[in-house]
Amino acid sequence: MVAHEHAPAKEHNWYSRAPGDVASAFGVDLEFGLSSATAAERLSVNGPNSLPEEKPKAAWLRFLDQYTSYMELIPVAAAVVSLVIKQWGTAVLLLVLTVGNAVAGLRQEGKAESAMNALKSMMKATARVRRDGVEEEVPAEELVVGDVVLITAGDQVPADCRIVVANALQIDESALTGESTPAVKDAAALPAGKLGPGDQSNMAFMNCPVTHGSATVIVTGTGRNTELGKISGMLSATAREQSPLTKQLNTLTLWIAAAAGITMVVMFVLGRGRDLSWDVLFVSAISLAIAAIPEALPTVSQVILSLGSVDLAKRSSSSVATAGAPRNMPSAAGRSVSSSCA
């Protein structure tokens, strides 16, 4: 039986509808699944089943972001003051130092991003679906509403789904609901009304791992239209906070700057008591500030963090290669022997 060639109407509260009604609303037969043509059409209309990602910043904005820490701002301020008092050599040296640190930090950030992108590409999720009456494995990004998906213990739910057949199914929804124990799931319809994700016992939500049993489900939401997508949208709308490491580095810089400031005051008092000129005292104070602030510390921390990201990507790639290597081993007769992986 071929699935009906129409897009599903916008509908909410799938948990309150019987499995047959849900299948009819999406124009899909549970034994046949969607046709390839219908799946391709819905994919082109609704887009891939992936969470929205932030647009990469322009290079000049990323460069300016390097000057958000006090350790970078203090040398810049000292360079400006040096220009005002016509200490050209000191000003040029400080500017070269800060620009060099910013360029190095930008380069290390680029390496870390490349490593994380490589890591993401190795962790592409797949899903088992019924299409054209045949079970096949497709990238999770290509799922569309109405797809009939088969999930079992060890899988991650690839999208928001209405459970139509369940066999001792349990799903860990702790990341979504905060519950510490896996939720028991079934296919029975629930009363109409507003229910939270934790009360929807016949729904499976994107990226929640299946801990026990198996099920046949119908995809009801993909990408940003999933519960996880809604949370992702709310998070992207909130202001980004500084990381704990950045906060600690800024606090350390303020303490160092305060100690250097007190020392500068003492220098001025003692210097004026010895009739030293203001220019000499000011240059000495600037030199003290430069010596007290570890300007290279942000760059060093960036290098360490990016090296850790690269090392993580290398280890993960080795693990993926090791786990995937035995899957298709050529036999002596020239045929492909399938073996299981730990």
Side-chain angles (χ1 to χ4, degrees), residues 3-4 7-34 38-39 42-43 45-51 124-131 135-177 179 182-190 195-232:
H4 302 296
K10 289 186 178 179
E11 181 64 42
H12 301 287
N13 298 344
W14 296 110
Y15 53 81
S16 65
R17 304 183 64 174
D21 292 341
V22 176
S24 298
F26 285 106
V28 63
D29 180 81
L30 294 180
E31 298 301 323
F32 187 87
L34 293 176
T38 301
R42 294 183 183 180
L43 183 62
V45 172
N46 300 324
N49 175 37
S50 58
L51 298 179
K124 292 291 185 182
T126 59
R128 287 189 302 141
V129 300
R130 286 179 185 154
R131 287 184 180 172
E135 291 185 11
E136 57 181 312
E137 192 170 279
V138 301
E141 289 185 350
E142 296 180 7
L143 289 181
V144 298
V145 290
D147 259 327
V148 178
V149 180
L150 308 175
I151 57 175
T152 188
D155 293 341
Q156 277 199 328
V157 180
D160 281 7
C161 307
R162 171 65 163 89
I163 300 168
V164 293
V165 178
N167 179 25
L169 182 64
Q170 295 182 19
I171 299 178
D172 181 4
E173 297 179 344
S174 57
L176 191 63
T177 64
E179 294 292 336
V184 178
K185 298 288 186 175
D186 56 46
L190 298 173
L195 295 178
D199 298 320
Q200 298 176 22
S201 59
N202 56 13
M203 297 291 293
F205 299 106
M206 186 179 189
N207 279 16
C208 293
V210 180
T211 59
H212 189 270
S214 60
T216 302
V217 299
I218 297 177
V219 176
T220 58
T222 59
R224 68 180 64 202
N225 295 320
T226 63
E227 292 294 328
L228 188 63
K230 295 174 185 176
I231 295 175
S232 176

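If you're wondering where the values come from, they're calculated on a predicted model, not measured in any experiment. Scope of the values below: all heavy atoms of this structure, side chains included, with no hydrogens, waters or symmetry mates. In this chain, residues are counted from 1 in sequence order.
Going from atom CG of Leu169 over to atom CG of Asp186 covers 9.0 Å, rounded to the nearest 0.5 Å. Atoms CG and OG1, from Asn46 and Thr222 in turn, are 5.5 Å apart once rounded to the nearest 0.5 Å. Annotation: the span from Glu135 atom CD to Arg130 atom CZ amounts to 5.5 Å, rounded to 0.5 Å. For the atom pair CD1 of Ile151 and CD of Gln156, the computed distance is 11.5 Å after rounding to the nearest 0.5 Å. Atoms CD and OH, on Gln200 and Tyr15 in that order, are 5.5 Å from each other to the nearest 0.5 Å.
At a threshold of 4.5 Å between non-hydrogen side-chain atoms, the residues Val138 and Leu143 count as touching. Looking at heavy atoms from C-beta onward, Leu176 lies in side-chain contact with Ile231 at the 4.5 angstrom threshold. When side chains are defined from C-beta on, Ile218 counts as touching Leu30, because their heavy atoms get closer than 4.5 Å.
Exactly one residue among Asn49, Thr226, Asp147, Val157 makes a side chain to side chain contact (heavy atoms under 4.5 Å, CB included) with Val219. That residue is Asp147. A side chain to side chain contact (heavy atoms under 4.5 Å, CB included) with Leu190 is found for one member of Asn13, Asn202, Asp199 and no other, namely Asn202.
Contact detail for Val28 and Val148: the closest heavy-atom pair is CG2-CG2, 3.7 Å. Scanning both residues, Pro48 and Leu43, for their nearest heavy atoms gives CA-CD1, 3.8 Å. Minimum heavy-atom separation, Gly27 to Leu34: O-CD2, 4.2 Å.
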Would you tabulate the side-chain donor-acceptor contacts of residues 203-216 under 3.5 Å, counting partners in other chains and residues two or more places apart, or write 'none'?
unit_1: Thr211; atom_1: OG1; unit_2: Gln170; atom_2: O; d: 3.2
unit_1: His212; atom_1: ND1; unit_2: Ala168; atom_2: O; d: 2.8

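Under a 3.5 Å cut-off, the side chain of Arg162 and the backbone N or O of Ala187 do form a donor-acceptor pair. Distance alone, capped at 3.5 Å, places no donor-acceptor pair between the Arg42 side chain and the Val144 backbone.
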Would Ser201 and Val184 count as a side chain to side chain contact (heavy atoms under 4.5 Å, CB included) if you check the C-alpha gap in whole Å, the side-chain angles of each, and the deciding distance to 0.1 Å?
CA-CA 7 Å; Ser201 59; Val184 178; over 6 Å; no

Test log, rule side chain to side chain contact (heavy atoms under 4.5 Å, CB included), inputs Lys185 and Glu173:
CA-CA 11 Å; Lys185 298 288 186 175; Glu173 297 179 344; 2.6 Å; yes

